[in-house]
Every structure is written in structure tokens, then in C-alpha cells.
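What's counted below: heavy atoms across the whole structure, side chains too, no hydrogens, waters or symmetry copies. All chains are named by letter (A, B, ...) in the order of the sequence lines, taking the proteins before the strands, and each is independently numbered beginning at 1.
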Amino acid sequence: MPASPPTIIEVAIPVRIDQTFTYRVPERLAVQASAGKRVLVPFGRRKVTGYVLGPGDAAAAELKEIIEVLDAEPLITPAELAFLRWVAAYYLFPLGEVLKTALPAGINLTSRKRQVAAADGSSVTEEVLAGGKRVKTELFYRSLSAPAGVTQPRGRGGEILTFLGGMEEAPAHLIRQRFGPCAPQLKRLRELGLVTAAAREVYRDPFREEVFEHDTPHILNDDQAAALARLVAAGDTAAFAPFLLHGVTGSGKTEVYLQAIAHVLSRGKTALVLVPEIALTPQLVRRFKRRFRCGIAVLHSGLSDGERFDEWRRIRRGEAEIVIGARSAIFAPLERLGIIVVDEEHEGSYKQSEGVRYHARDLALVRGKMDKAVVLLGSATPLVTSFHAVREGRLGYLELPRRVRDLPMPAVELVDARGKRGETFLPPLAAALAENLAVGGQSLLFLNRRGFATYLVCQECGFVLRCPNCAVTLTYHRRRERHFCHYCDYSIPAPSVCPGCESPSIGLLGRGTERVEEEVWELLPEARVSRMDRDTTSGKGGHARILRGVAEGRIDILIGTQMIAKGHDFPGVTLVGVVSADATLNIPDFRSAERTFQLITQVLGRAGRGDAAGRVIVQSLAPDHYAIRHAVSHDVAGFYAEELAFRRETGYPPFAFLAALHLSGTNGAVVEQGAEQAARLLQQLKGRLRSRVEILGPVTSPLGKLRGRFRWQILLKAPARSDLHRLVSAFRGAIDLPAQVRLVIDIDPVEMM
DNA sequence: AGCACGCCGACT
DNA sequence: GTCGGCGTGCTC
């Protein structure tokens with residue numbers, strides 16, 4: 001006998017409360033209200049969208065009735081729900097919020113209270129239901145044989161008719177694109193009975209306009225072929241199989257992704273490709289569209305809500321076999337998932353730091369394990385934790401040690417800049433820039449700091465210009481004649497005298513890309529110079545404009561921040577100069593050496609053209625530091641060995657697990673009290689649980705005050721993940737902070753295998 | 001996260 | 001005298 005439909009259901013609501021809710025289902029909705037669908041429910045004084053988890057327990061509390069079932073079919077499968085439950089439990093975030101994050105934005109209905117002017121002039125509060133993305137429809141035109149007595153119209157109407165005659169049918173946007181605004185003509189054609197129009201559901205496709213030429217798989221070199229063979233073998237076992245694809249820059253990792261995915265598709269499975277940032281998706285999508293004729297969907301935050309909803313629906317319906325997207329694409333509703341590729345797995349942008357604080361790189365491994373898929377982490381500079389997992393045998397190792405066509409690694413010259421802080425270009429770099437310009441080569445200059453000068457200091461009284469909201473110095477931007485806070489965007493006009501003592505002897509110290517640009521003008525006035533950083537790429541297509549300039553040879557020297565180190569191909573670049581390799585080395589973070597090594601290695605990989613290895617000059621104030629030494633000698637294994645020794649000694653990941661509790665608020669004293677209260681509770685719980693977690697703090701966050709909020713943090717270090725998780729969960733259940741103090745729990749992303 | 005209730009400062 | 005600031009509590 002079939003189970004009778006539940007009359008009581010458990011519902012997850014997207015609010016910051018760590019509990020689910022139970023509702024009654026009226027008889028008329030009983031059959032429809034199944035797990036995975038959305039329901040509109042009364043919640044407090046408003047109506048909100050919730051997610052049905054399954055049958056509920058008749059609790060003691062009085063239950064409200066659901067108002068409506070919003071979906072005909074479930075939005076998520078039981079397997080997806082299991083994954084999202086894992087995410088909620090692991091990151092200590094309410095399941096309803098996790099579900100909302102995983103689903104396309106803007107689909108939910110909520111009631112809002114609004115002040116509405118009444119007829120008599122007074123105002124009344126009115127409840128309005130808002131939200132809910134709809135499917136988009138478009139008119140499709142089709143030509144008919146002309147009815148008797150109707151002559152073919154002249155002018156634009158006739159042109160359109162001829163155009164339609166040559167094809168089955170055409171959507172309105174295509175006609176508009178070819179003929180410009182033509183609504184009156186189309187209306188006339190319909191009235192004459194020469195065309196018919198039918199509304200049809202369409203997808204808002206971000207790549208609609210483009211046509212793609214096909215290409216065929218490239219021939220692999222021996223390393224690529226060996227890597228592919230292992231991926232193919234793993235794919236055929238249909239078991240969870242995680243790999244690190246460690247390939248030097250230019251070694252052809254993407255071609256391995258493409259062919260591994262082709263194999264997965266041939267087995268009737270699907271593929272998910274994660275990329276670190278939106279700017280890199282178009283070029284990758286084009287490469288995929290040229291190779292594959294199956295459905296490819298794109299998911300990232302740069303799409304409009306409508307586009308994202310449509311891409312999501314295509315995937316949900318099984319119309320896309322490949323999904324390419326940024327971190328949130330880890331939640332893509334792909335079924336029969338065969339492979340997850342995480343490109344540039346070391347990139348920090350895989351970490352979501354608002355709302356649900358997940359790490360997509362880690363979740364790829366979790367989801368891959370649940371779905372029995374191959375997980376392929378690709379990088380030229382893998383995370384230290386990934387490298388360690390390889391050594392422990394938890395991650396398969398695929399190596400591409402050579403560049404395609406056996407292009408040699410660039411020759412790197414390390415220049416000791418100690419005692420020469422005032423000089424932007426030491427003689428070797430200045431000479432190399434001039435030589436390269438003379439022979440018509442392109443150069444890249446890398447400095448990971450934007451603006452002109454890092455800070456303003458008074459030579460008279462020692463005053464340093466700082467942000468009133470954040471504990472950082474203000475960076476001087478010459479073009480805009482202002483000092484900016486790079487954390488909160490606060491700015492003030494550049495003062496001409498010291499704001500403290502009014503002395504005119506103020507100095508601008510520390511250099512950024514803007515100043516490097518100026519100094520290149522002075523050094524090489526005939527060079528065509530451009531700069532690429534957040535200040536010059538802010539507008540729409542700002543990225544593309546500069547990249548095109550370089551590609552078309554209109555730029556001799558490109559100066560940039562880490563933007564130029566990542567992903568983009570600069571095929572004509574024969575010289576790379578690192579102005580100061582140390583800018584990122586001294587930030588107070590145990591990962592700063594790792595980040596510096598990765599950044600330098602990535603930027604070195606930009607050198608080389610055709611079959612010629614490029615030339616690289618690295619200026620450094622710390623030429624003996626192991627991160628810089630190993631980066632310039634391309635000694636990846638050497639760096640990891642030293643970094644792992646350092647991590648072992650200091651007790652950082654992968655030899656310990658971390659969590660951070662961030663407390664913030666506008667009242668410093670209250671936040672500090674909250675932090676102390678939290679630390680005391682942690683100590684108590686630690687004793688009770690006999691936990692081996694180390695509790696550091698409370699301490700003020702590195703930035704103390706950020707964007708006007710006071711910040712304190714408590715760091716937790718544990719030898720085992722389970723230990724850490726038990727303590728933090730217990731803490732979260734027990735803590736009762738004043739409402740002004742906001743608590744954010746950051747479970748540090750470390751290896752998940 | 002909203003949303004309303006509630007209790008203290010500067011305004012028509 | 002009220003408008004409105006945000007501190008506090010609640011949501012099946």
C-alpha cells in the first residue's frame with residue numbers, strides 16, 4: 001500500500017536561524033507538497049519561500065499551514081539535498097540559507113510590507129508578494145504563402161519577408177538585429193496574413209550571438225597522454241578518484257581537461273568545470289564550444305538573474321552535459337556527474353566569504369566523493385596542502401613537467417635590491433627594458449600594488465595618513481589627486497601640507513603600479529605603455545580593451561598587478577620584470593610565502609614567444625627567501641619541501657586544522673567583551689569535551705577596525721578535524737552574544753580527502 | 001535575514 | 001509635543 005501523502009512537513013527557511021520548521025499541509029496540497037519543492041509559508045508576520053525537506057514530526061508547538069506549493073517538480077534531487085545538508089553541517093550555516101545559495105538567485109517569493117498612499121492622503125501598510133523569476137518568451141515569425149489579392153510589400157517589410165522565406169522561422173531578436181527596429185512592419189505583415197508569429201519559451205543565453213568554428217583534439221605529448229590514460233582508467237571504474245594535475249605554465253593542462261571530459265561524455269556522464277574568476281570564463285567557454293557539440297551551460301555571478309535562472313533550468317532539465325562556472329557552479333544541478341575539474345585550484349577566489357562561507361575547491365572533492373566522480377585539481381602551483389595529500393597517497397599525481405613543443409623555461413635573473421629602495425628599476429631591468437623595446441619585443445612589468453604611493457608621511461612630525469575606518473595607510477593615486485583606502489574606498493583630496501602640523505615637507509613613500517608607469521615614461525619616452533589593474537579595468541570591457549591592445553601589438557610595455565599574472569595569454573611577451581617580489585611576502589598570514597611563490601611562478605610563466613623562451617628579471621629585497629629563490633629557479637619541489645617543513649614546525653595546515661571566529665560590531669568595547677565571553681565559553685567546552693584544540697585569542701583582527709567595524713577574532717588550531725568541529729559546533733549551540741555583536745565562523749579550507 | 005516593538009534625542 | 005534612531009526579540 002502506498003504511503004499516504006504527509007500532512008506534516010519539515011521546511012527549511014532561508015533565515016539566519018539554525019533550525020528547520022514544521023508546517024501542516026492542507027488536504028488540497030497534500031499530494032503536491034513533496035521533498036525538494038518550494039512552498040510559500042507564513043513566517044512570523046510575513047510570507048516567505050521555504051524548501052520542503054520531507055515529512056515532519058508533529059511537534060508540541062502549534063503548526064501553521066503552508067499557503068502554496070510553488071513548484072510542479074522538485075528543484076533538487078535527494079542526492080543534491082544530501083550534499084547541501086553536508087555543506088550546512090560542515091560550514092555551520094542554516095540549511096535554508098545553503099539551499100537558497102545553491103539555487104539561482106531571485107526565484108523566491110517573499111512578502112514585503114510597503115507604505116502605500118491611500119485615497120484620503122493617509123498611508124496604509126500593504127503586503128505585497130515580490131520576486132519569482134519567470135520564464136521568458138519570445139515571438140517566432142514564420143512566412144506564409146501570400147493569400148490571394150495581397151501583393152508583396154516594398155521596402156523594409158519586403159526585405160523581412162524575403163529573409164523569413166529563406167528559413168524555417170526566426171525569433172524577433174534576430175529580425176531586429178538584422179533590420180533594426182521594425183515592429184510596425186512586422187505588425188503590418190501579420191495583418192496582411194503574410195507571416196504568423198508564435199510565442200515560444202526561450203533561454204536567455206549569454207553566448208547567443210556567437211558562432212563557433214569546430215576544432216579537433218590536439219595531439220598530446222607523452223606526459224599529457226600518460227595523464228589522460230590515468231584519468232580515463234579512473235573514469236571507467238565509476239568510483240571517486242581525486243587527482244592533482246600539476247603542469248607548469250604552458251604545459252597544456254586545458255587540452256587534458258578537454259580530452260578527459262570527452263571520454264566522460266562518451267560514457268553518458270556529465271562534466272563540471274570550475275574556474276577561479278569570471279574574467280576567465282569567456283575564453284574557456286569558447287574553447288569548449290569549439291570542441292564539443294553538446295550543451296554547455298555557464299554559471300557565474302556576472303550573469304543577470306534571468307540568464308542564470310535559464311542556464312540553471314537548462315542544466316536541471318538535462319540539456320547541458322558540461323557546466324563551466326565560478327565557485328557557485330559547484331552547486332550546479334548536474335546529474336550523472338562523471339568529472340569535476342577545478343582549474344587553478346590554488347586560487348583564493350574559490351572561497352566564498354559572505355553568507356555561506358564555503359570553499360568550492362574543497363566542495364569539489366566532497367561532491368566528487370558523493371557522486372563517485374573523478375575530481376581533477378589543476379595548477380602550475382598547487383596548494384601546499386594538495387602537494388602534501390599527494391605525498392600521503394590521498395591524491396593521485398599527474399605531472400606535466402614540460403611546456404608544449406618543449407619550449408624551455410624562461411631564464412630568470414635575480415637582482416638583489418637591498419639598500420636600493422629608492423630605485424624602481426635597477427640597472428639590469430632598466431637595460432633589459434630598453435633592449436627589448438629596441439628589438440620590438442613586448443615587456444610585462446609586475447608589481448602587486450596599485451596606486452602611486454603606499455603612504456604619506458610627514459618629515460617634520462612623523463604623521464602618517466591613515467583611514468579613519470580601517471587600520472591601514474591611505475594610498476596616493478596621482479591621476480585622481482586623492483588618497484584612497486584600499487579596503488573601504490574612503491578617500492580624501494591630496495593635502496599639500498601635513499594634516500597634523502601643517503609642515504610642507506611631506507613625503508610619499510612606497511610605490512605602486514601608477515608610479516611604475518610614470519617612471520617607465522621617463523625612462524623610455526618612446527615606448528607605448530599601458531597599465532592593467534583594478535583602476536584601469538573598472539569599466540565594461542576594460543579588461544578586454546587592454547588585452548586586445550597587447551595582442552595587436554599596440555602596447556610595448558604593460559604594467560600590472562596580479563591581474564597580469566593570471567590566466568591571460570600574452571603570446572608576444574619576451575621580457576617579464578618583477579619590480580618588487582616582496583610586496584606580498586610580509587603580509588601577516590601563514591600563507592604569505594605560499595602566495596608569493598605562486599604569484600611569482602605564475603608571472604614568470606607569461607614570458608616566452610613561439611619557440612623562444614622569454615627573459616625574466618626579478619628584483620627583490622629578500623633574494624635569499626626560499627619562496628623567491630625557488631620561484632626564480634623553477635624549483636617547485638624544493639619550495640614545497642621547505643614550506644612543508646615550515647608548516648610542520650609552526651603547526652599550520654596541513655599539519656593542523658584551523659577555524660576562526662570573527663566577532664565584529666560598531667562598538668569596540670562591546671565587541672571586546674563578546675570576544676572574551678566567547679573565549680571563556682570555548683575554554684569551558686574544551687575542558688568538558690576533553691578536546692585537544694588550541695585556543696588563540698581573543699586578539700584584534702589584523703586590521704583591527706575595518707570599514708568602521710571593530711573586529712576581534714579567536715583562532716582555533718586542532719590536530720584533527722573532528723576535534724575542531726566538535727568544539728565549534730558545541731560553541732555555536734551554547735553561545736549567547738549581545739545582539740550588537742556579529743559572529744562569523746570560518747572553518748578554514750584545508751584538504752578534504 | 002526581516003520585521004515590529006520599544007524607548008530616548010532633534011525637529012515641524 | 002511627534003518623527004525616527006537602532007537595540008532586542010521572534011519566527012513552526
Using a cutoff of under 3.5 Å, can you pull out all pairs of nitrogen or oxygen atoms linking the protein to nucleotides 4-8 of chain C, with atom names and distances?
| from | atom 1 | to | atom 2 | distance (Å) |
| --- | --- | --- | --- | --- |
| C:dT8 | OP2 | A:Q740 | OE1 | 2.7 |

Side chain to side chain contact (heavy atoms under 4.5 Å, CB included) evaluation trace for A:L658 with A:L696: CA-CA 11 Å; A:L658 299 179; A:L696 310 173; over 6 Å; no

Atom NZ of A:K100 with >12 non-hydrogen neighbours under 6.0 angstrom: no

is_close_aromatic(A:H725, A:Y90), centroid dist under 6.0 Å: yes

Pairs satisfying ring-ring contact (aromatic ring centres under 6.0 Å, His included), at least one member in residues 9-33 of chain A, at least two apart: A:F21-A:F43

Length of the line joining A:E354:CD and B:dA1:P, which is rounded to integer Å: 11 Å

Sugar-phosphate, base or nothing in reach of A:F43, heavy atoms under 4.0 Å: base

A:L63 CG - C:dT11 C1' separation (whole Å): 14 Å

Short side-chain donor-acceptor distance under 3.5 Å, A:R482 and A:S491: yes

Rounded interatomic separation in angstrom, taking CD from A:E62 and P from C:dC12: 11 Å

Residue from A:F331, A:Y350, A:F93 passing ring pair (Phe, Tyr, Trp, His ring centres under 6.0 Å) with A:Y358: A:F331

Sugar-phosphate, base or nothing in reach of A:I13, heavy atoms under 4.0 Å: nothing

Atom pair distance, as rounded to whole Å: CZ in A:F21 and C1' in B:dA1: 11 Å

Gap between atoms CG and P, on A:D736 and C:dC10 respectively (whole Å): 11 Å

Enclosure of A:R480 CZ (heavy-atom neighbours >12, cutoff 6.0 Å): no

Value in whole Å for how far the P atom of B:dA1 lies from OH of A:Y51: 15 Å

Atom-pair distance (CD1 on A:I17; C1' on C:dC12), nearest Å: 10 Å

Interatomic distance where CZ belongs to A:R16 and C1' belongs to B:dC3 [whole Å]: 16 Å

Touch class at under 4.0 angstrom, heavy-atom based, for A:E10 against every strand present: nothing

